[in-house]
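A short write-up of the structure that comes next.
Positions are given from 1 along the sequence. For ligands, and for the atoms within them, numbers begin at 1 and follow the listed sequence.
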Amino acid sequence: MIDKEVEKLIHLEALRHKEDLNLIASENYPSKEVLKACGSIFSTKYAEGYPKKRYYEGCEMADEIETLAINRAKELFNCDHVNVQPHSGTQANMAVYLAVLNSNDSVLSMRLDQGGHLSHGSKVNFSGKIYNFNFYGVDRETEMIDYDEVEKQAKSVNPKLIVCGASAYSRIIDFNRFSKIAKSVGALLLSDVAHISGLIAGKMHPNPTPFSDFVTTTTHKTLRGPRGAIIMCSEKFKQSIDKAVFPGIQGGPFLNMIAGRAIAFKEASSINFQKYSKNVVSNAKVLSEVIISNGFRVVSGGTDNHQFTIDVSTQGYTGSEVATTLKKIGIIVNKNGIPYDKLPPKITSGVRIGTPALTSRGMLNDEMQLIGNIISEAIYSRDDNKKLDSLKSRVKDITEGFSFPGYD
Ligand code: DSN
């Protein structure tokens with residue numbers, strides 16, 4: 001590379017990933033093929049519109065690559081129509097809202113501080129400013145979605161749209177029940193499966209498409225593709241969704257990312273990806289069990305998917321302190337609120353842990369056993385620098401044996 005400054009930063013970022021244990025639940029390592037497509041010549045092309053209906057000339061290959069991505073996604077998730085153009089998960093949700101809501105319409109979604117997402121109606125997000133969001137949460141005791149409560153809320157607020165799906169929820173989501181609740185009040189259902197779409201593709205979580213009017217997902221989390229998102233819907237909403245994405249909220253699609261998405265969809269339909277998804281869930285289970293056996297409380301008592309949240313408040317710590325401590329020894333997590341958290345989002349009582357990235361590096365249950373014990377010991381000895389140094393070298397011993405696709 002001629003630009004040494006950028007080259008150095010790319011190298012250091014790759015090194016950081018190699019030497020750290022990345023347990024951020026929303027991150028992953030796409031394949032080399034996906035990375036190559038994202039940096040390909042398709043990044044130069046303007047192709048506003050949709051295949052065969054473009055506003056630019058020279059879109060023959062663009063049409064083919066977008067059609068390929070659409071068809072692969074349709075097959076993978078078994079749905080009628082897919083829009084593969086959204087630049088992000090928030091934009092995918094924005095397009096759904098634009099397609100079916102008017103400003104001030106009533107929507108019911110999961111509370112952000114109990115596992116929801118900013119774009120599900122947070123007051124600081126466009127969604128909370130434009131639409132009238134009401135919220136459901138989790139049961140205080142079980143810390144799982146209380147579907148009877150959702151139903152009660154739906155009857156009381158009479159929403160035009162119900163949003164299910166979460167950023168920090170470790171249990172199986174019952175899409176069928178959500179669909180019945182939505183139908184009972186005449187609402188549409190949007191399932192935002194950004195976190196779990198890879199597990200759905202890998203057959204480790206039920207598929208929401210038969211039960212939902214709209215399904216949105218980012219493509220870079222458990223699905224292990226490039227950054228960006230897609231929207232799935234039935235034939236009935238095809239036109240309004242496509243119009244909402246372009247020209248509604250976006251201009252030209254990022255065809256390089258769409259090419260990367262096409263590859264990721266093919267990869268995610270393989271038997272190997274099913275094995276990967278199984279390992280992601282099994283790794284999360286083992287990791288949470290080790291941490292629980294070391295005296296910690298995990299929200300809802302465990303996990304059915306790729307992530308879980310440790311409540312560190314029972315030991316008198318905050319999420320922010322623990323995230324900083326773990327960073328010192330090369331374990332990367334994010335502080336995260338727990339349901340009914342008394343602490344603000346910048347401090348929190350929890351840390352969220354996810355296994356998609358480490359599983360992509362090839363780590364299995366044996367590594368999770370080691371990592372669970374290292375995490376626990378680090379939290380207990382957060383003021384003991386000597387101990388933290390020795391834990392850091394144990395982290396290094398683990399990372400040395402495992403690479404990832406973008407590391408050369
Ligand atoms: N902020 C992402 C996450 O970490 O879950 C979701 O957009």
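With atom 2 (C) of ligand 1 as the reference point, the heavy atom nearest to it among Gly89, Ala194, Ser26 is part of Ser26. When the heavy atoms of His195, Gln307, His220 are ranked by distance to atom 5 (O) of ligand 1, first place goes to His195.
The nearest pair of heavy atoms linking Cys164 to Leu189 is SG-CD1, 4.2 Å. Heavy-atom minimum distance, Pro30 versus Gly225: CB-O, 3.8 Å.
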Working for ring-ring contact (aromatic ring centres under 6.0 Å, His included), residues Phe175 and Phe178: CA-CA 5 Å; Phe175 300 116; Phe178 266 110; 7.5 Å; no

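Relative orientation of the Phe77 and Phe265 rings is perpendicular, given thresholds of 30° and 60° on the angle between their planes. Using a 30° and 60° split on the angle between ring planes, Phe214 and Phe237 fall in the tilted class, from 30° to 60°.
The atoms of ligand 1 that sit less than 4.0 Å from any heavy atom of Arg352 are 3 (C), 4 (O), 5 (O). Shown in contact with Ser167 at under 4.0 Å from a heavy atom are these atoms of ligand 1, numbered in order with element: 5 (O), 6 (C).
What sits closest to atom 1 (N) of ligand 1 on the protein, heavy atoms only, is His117 NE2, 4.5 Å.
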